[in-house]
Amino acid sequence: MSSVPQQRLLRTEIPGPRSLELQARKSAAVASGVGTTLPVYIERAGGGILVDVDGNQLIDFGSGIAVTSVGASAPRVVDAVRQQVGDFTHTCFMVTPYEEYLAVCETLNELTPGDHEKRTALFNSGAEAVENAIKIARHATGRSAVIAFDHAYHGRTNLTMALTAKSMPYKHGFGPFAGEVYRMPMAYPYRWPTGPENCAEEAFAAFVEQAHAQVGESNVAAVIVEPIQGEGGFIAPAPGFLRMVADWCREHGIVFIADEIQSGFCRTGDWFAISHEGVVPDLITTAKGIAGGLPLSAVTGRAELMDAVHGGGLGGTYGGNPVACAAALAAIETMRAEDLAGAAKRIESIMVPRLQALAAKHDVIGDVRGRGAMIAIELVQGNGSKTPNPALAAAISAACHADGLVTLTAGTFGNVLRFLPPLVIGEALLNEGLDIIEGIVGRLA
Ligand SMILES: *Cc1c(COP(=O)(O)O)cnc(C)c1O
């Protein structure tokens, strides 16, 4: 466990005076396009607590956007990083390689779904992994079109902005975007026009029809999908939808890419969220939770696809940095040793019933959904109306922040509150965070 005291403590208003001073420096020094959800400056963090520069201790329901699943100062990660920094910080794997990179690739080949022969390549950010997965799929198939979905989020670089669905803030004013990207309906049970029962079948039928009519199967290199959509609002596709899409891809020689950047690494109660659907993806992109907070990302997939690219065709100066690799090995070891997949399931078993009970009392909570420690509530106008209520989501989130609970919003309509606690959070803190949410929803609903 972390040495950071596992207790919420408010010494000042949130944000406190020191944080406000730093925020004034931010305004003067940092490009204003780089936003902050909560202008509380952090000094120390670990387990389920963030300690700010004013000495406040906040409960963390964000994990730095699903990154610090093992905690923000997990002992194995800290030790491994210290050791590796002392040995060497960088050589560039493409110049003079090192064993840590191999060990991460071997581990990913073993942990990702499917017992086929696999290969992995390492990068720095999630967006970079997605870009490379598309490069590999195009090279291997000799085709150019890529299909993504409504509510998708795949990053902020040019190609990944094209794949991302939401305009504001991710794409607005940043075009033109990369071409040959096509968007198809997502099987979104809560908002499916005819209701959730036939959502998977009807969404798949629309997908097949549009892919055929607007793109043509033989032009499609890849379909990319988040097994549970992250920034889009923790939308879990209707059961069966992903399997039908994956089967359709196989039938047409199309690469099925699971973007597990947010949902991977025990977050949903399994190593990867796609396993809950019994689907084996051709390629899988990972990042966020992979390395306990250090920047690392990967593409893992079928050897024949990964090896289709010519030597020297993939890489990058920092990709698979040795310090990040050491952190990843230690983070994965922590997930194994502490059964963090089991921990994610326990978090679900505490959060979901409490949030469902809250939704039963307040009809502005239209939906409670997600898996493991990736849980969200969707806020609506209520009184039978499913009209999104982003103002209420923002108000609840702001009130949580003032009470020392870090929460994030999400969703195409900005009306989803999402909860991503570190998997190592203690039950007392988890319940205290839920108490805060219950109190605030009761007050504001
Ligand atoms: C965060 C995220 C990305 C982009 O990752 P970055 O490291 O921010 O580039 C891509 N896909 C999904 C599903 C994500 O959640």
Side-chain angles (χ1 to χ4, degrees), residues 33-37 62-69 112 121-135 137 146-166 169-171 174 177-178 181 183 186 188 222-237 242 256-268 271-274 277 281 283-300 316 318-321 324 327-328 331 370-376 408-412 416 418-420:
V34 182
T36 49
T37 301
S63 300
I65 319 187
V67 169
T68 51
S69 298
T112 49
L122 301 180
F123 305 97
N124 304 290
S125 68
E128 215 186 335
V130 171
E131 291 255 353
N132 278 280
I134 303 294
K135 280 166 68 173
V146 180
I147 291 176
F149 290 88
D150 285 337
H151 312 290
Y153 183 85
H154 298 291
R156 295 173 179 263
T157 57
N158 188 262
L159 173 58
T160 59
M161 272 193 294
L163 295 167
T164 290
K166 190 175 176 177
Y170 307 124
K171 304 170 74 167
F174 296 137
F177 304 110
V181 171
R183 193 167 309 288
M186 166 50 61
Y188 183 171
V223 171
I224 182 163
V225 66
E226 298 153 86
I228 295 183
Q229 292 183 307
E231 308 304 301
F234 286 16
I235 301 161
L242 294 179
F256 181 87
I257 305 172
D259 181 350
E260 292 259 12
I261 287 168
Q262 190 154 161
S263 56
F265 291 101
C266 301
R267 177 56 54 188
T268 66
W271 282 105
F272 297 98
I274 194 84
E277 280 288 302
L283 299 180
I284 179 164
T285 53
T286 52
K288 291 201 166 93
I290 191 174
L294 274 84
L296 185 73
S297 69
V299 181
T300 300
Y318 294 110
N321 168 273
R371 237 184 225 290
M374 188 171 182
I375 303 292
L408 305 172
T409 55
T412 300
V416 175
R418 57 170 158 169
F419 309 120
L420 290 161

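When a ligand or atom number is given, it counts from 1 through the structure's own listing order. Values below: all heavy atoms of this structure, side chains included; hydrogens, waters and symmetry mates excluded.
Leu159 places none of its side-chain heavy atoms less than 4.5 Å from the side chain of Lys135.
Here the heavy atom of the protein found nearest to atom 6 (P) of ligand 1 is Gly126 N, 3.4 Å. Counting protein heavy atoms only, atom 15 (O) of ligand 1 is closest to Lys288 NZ, 2.7 Å.
The presence of a protein heavy atom under 4.0 Å from atom 8 (O) of ligand 1 is ruled out.
Heavy-atom proximity to Gln262, at under 4.0 Å, picks out these atoms of ligand 1: 15 (O). Annotation for ligand 1: atoms under 4.0 Å from non-hydrogen atoms of Ser125 are 7 (O), 9 (O). Listed by number with element, the atoms of ligand 1 under 4.0 Å from a non-hydrogen atom of Asp259 are 10 (C), 11 (N), 12 (C), 13 (C).
Separating the CG atom in Leu294 from the CG atom in Asn124 is a distance of 11.0 Å, to the nearest 0.5 Å. Here the CZ-CD1 distance, from Phe149 to Ile224, works out to 10.0 Å after rounding to the nearest 0.5 Å.
In this structure, Ala127 counts as a contact residue of ligand 1, since one of its heavy atoms falls inside 4.0 Å of the ligand.
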Report the C-alpha separation of Val416 and Ile235 in whole Å, then their side-chain angles, then the decisive distance to 0.1 Å, and conclude whether the side chain to side chain contact (heavy atoms under 4.5 Å, CB included) test is met.
CA-CA 10 Å; Val416 175; Ile235 301 161; over 6 Å; no
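Checked by distance only, ligand 1 and Glu231 stay at 3.5 Å or farther apart across all their nitrogen or oxygen atoms. The shortest N or O to N or O distance between Glu226 and ligand 1 is not below 3.5 Å.
Atom OH of Tyr170 has more than 12 heavy atoms from other residues, nucleotides or ligands within 6.0 Å.
Aromatic ring centres of Phe272 and Phe265 lie closer together than 6.0 Å.
Thr286 contributes no side-chain N or O that, together with a main-chain N or O of Glu260, makes up a donor-acceptor pair within less than 3.5 Å.
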